[in-house]
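Just so we're clear, the structure is a prediction, and the values are computed from it rather than from any experiment. Below, chain A is the first sequence line, B the second, and so on; all start at residue 1.
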Number of protein chains: 2
Amino acid sequence: MNLISVTDIKHKISSVGLKATSQRIAIYQAVMKLKNHPTVEMILEEISPLHPSISVGTLYKNLETLVEVSLLEKVKSEEGNYRFEANLDKHNHIYCSNTKEIIDYQDDELDLILFEYFKKKKLKNLKINDIRLQISAERLNINKEISIQ
Amino acid sequence: MNLISVTDIKHKISSVGLKATSQRIAIYQAVMKLKNHPTVEMILEEISPLHPSISVGTLYKNLETLVEVSLLEKVKSEEGNYRFEANLDKHNHIYCSNTKEIIDYQDDELDLILFEYFKKKKLKNLKINDIRLQISAERLNINKEISIQ
DNA sequence: TTATTAAATAGGAATTATTATTGTTTAATA
DNA sequence: TATTAAACAATAATAATTCCTATTTAATAA
Ligand SMILES: [Mn+2]
Ligand SMILES: [Mn+2]
Ligand SMILES: [Zn+2]
Ligand SMILES: [Zn+2]
């Protein structure tokens, strides 16, 4: 999932009609590399050493552009600022109150249960486009991995 | 639910150890009155005619304070700014993409289904505190009411 | 009822996150 | 290699929120 060559990234970017600039490639790569839905600041810190001249305006503009063409997704954090991710599959988010992480939680069985549940409901004047779970949780041991089986 | 006297509001506020100032009462009343999870701006517009001298700093400070003592709740909108509500019951939110409304959706049966579903799961190093549904939808006819039965 | 005092307020400055502007540079194409 | 629309760096502007401080007020008790 993470092992994608620069050539592939270039193709991905140009296939949606965008110029494959070095800045855009670096930004897209950074979001793919960083876990837990990085903030703009975290993305800037990731790209700065190799690309110190990328301006914050360019970073914001590119993140917005990449979201528009569906190469990235934008997520609102509990704290109020935006965070980004390259995982485009339908999934839910676990918000860790102690670590401020946002962890992906994909569960097709659960999605089906919800789909069936709302299929039975009578919706008046309303079209549901998407249903996501927002799970507020905390990591018990900050140094250990979490899992849901 | 909306018919609560000023005396009752005063009691509610002082019972959590806060001074029942005219500003605080007005702000709490305004959030109780306004539907669809008002923004700070909408709350200001509501209180301004009767209390033109309430400063924006006081408004922010009071909203924060009332959230801290659990008389109000803070909700983040899709647009990025915070919105407030006096409904403290556990409930889900329907985000209307066309009207930008946030509509409450309470469903005890669904809560139970989710509770049972996650009870079966093995959680490693994770404590779930709360699960909410975030429903993205659109009102088909903006002038008519919506409902889910 | 009045005095005391900690809490709260008004008004405005400061900060933070994000967006807009503009002259210059560059990737794509022919 | 020349052309050109798109993208860029730098920076100004905006919006939302938080912070600061001198002044006012609600609560309490003499
Ligand atoms: Mn992710
Ligand atoms: Mn509500
Ligand atoms: Zn995610
Ligand atoms: Zn609500």
- Query: Does a side-chain N-to-carboxylate-O contact under 4.0 Å join A/D104 and A/K35?
  - Reply: no
- Message: A/E73: which residues meet the salt bridge (Lys or Arg N to Asp or Glu O under 4.0 Å) condition with it, sequence neighbours left out?
- Response: none
- Task: Five pairs at each end of the helix from C/dT1-D/dA30 to C/dA30-D/dT1: take the axis at both ends and give me the angle between them to 10°.
- Result: 30°
- For B/K12, enumerate each residue passing the salt bridge (Lys or Arg N to Asp or Glu O under 4.0 Å) test, keeping only those at least two apart in sequence or located in another chain. none
Between protein and nucleic acid, restricted to nucleotides 17-21 of chain C and to nitrogen or oxygen atoms under 3.5 Å apart, what atom pairs and distances do you find?
residue: C/dT18; atom: OP1; partner: A/Y82; partner atom: N; Å: 3.1
residue: C/dT18; atom: OP2; partner: A/Y60; partner atom: OH; Å: 2.7

- Message: For a 4.5 angstrom cut-off between non-hydrogen side-chain atoms, does A/K124 reach B/I146?
- Response: no
Side-chain donor-acceptor contacts of residues 42-51 of chain A below 3.5 Å, not counting sequence neighbours, with atom names and distances?
residue: A/E46; atom: OE2; partner: A/K33; partner atom: NZ; Å: 3.0
residue: A/S48; atom: OG; partner: A/L44; partner atom: O; Å: 2.8

- Within this structure, what is the CG-to-P distance between B/N62 and C/dA7, rounded to whole angstrom? 15 Å
- Note on the structure: Sorted by number, residues from residues 14-27 of chain B placing a heavy atom under 4.0 Å from DNA chain C are B/L18, B/K19, B/T21, B/Q23, B/R24
- Query: So, is B/S53 close to the C/dA10 phosphate, meaning a side-chain N or O under 4.0 Å from OP1 or OP2?
  - Reply: yes
- Residues that B/K120 engages under side chain to side chain contact (heavy atoms under 4.5 Å, CB included), provided they are two or more places apart: B/Y117
- Note on the structure: Those residues at least two apart in sequence (or on a different chain) that pass salt bridge (Lys or Arg N to Asp or Glu O under 4.0 Å) with A/K100 are A/E79
- NZ or CZ of A/K74 within 45° of A/F84 ring axis and under 6.0 Å: no
- side-chain hydrogen bond (donor to acceptor under 3.5 Å, both in side chains) partners of residues 136-145 of chain A, not counting sequence neighbours, each pair once: A/E101-A/R139, A/E138-B/N129
- Task: Go through the structure and list residues passing side chain to side chain donor-acceptor pair (under 3.5 Å) with A/E68, not counting sequence neighbours.
- Result: none
- Message: Could you check whether any side-chain N or O of B/H91 sits under 3.5 Å from a backbone N or O of B/D89, counting only pairs where one atom can act as donor and the other as acceptor?
- Response: yes
- Salt-bridge test for A/K121 and B/D107: reply yes if a basic N is under 4.0 Å from a carboxylate O, no otherwise. yes
- Where at least one partner belongs to residues 54-66 of chain A, residue pairs that pass side-chain hydrogen bond (donor to acceptor under 3.5 Å, both in side chains), sequence neighbours excluded: A/R24-A/N62, A/S55-A/T58
- Task: Write down the distance between CG (B/L59) and P (C/dT9), rounded to a whole number of angstrom.
- Result: 10 Å
- Positional range of nucleotides in DNA chain D within the contact set of chain B, heavy-atom, under 4.0 Å: D/dA16 to D/dA27
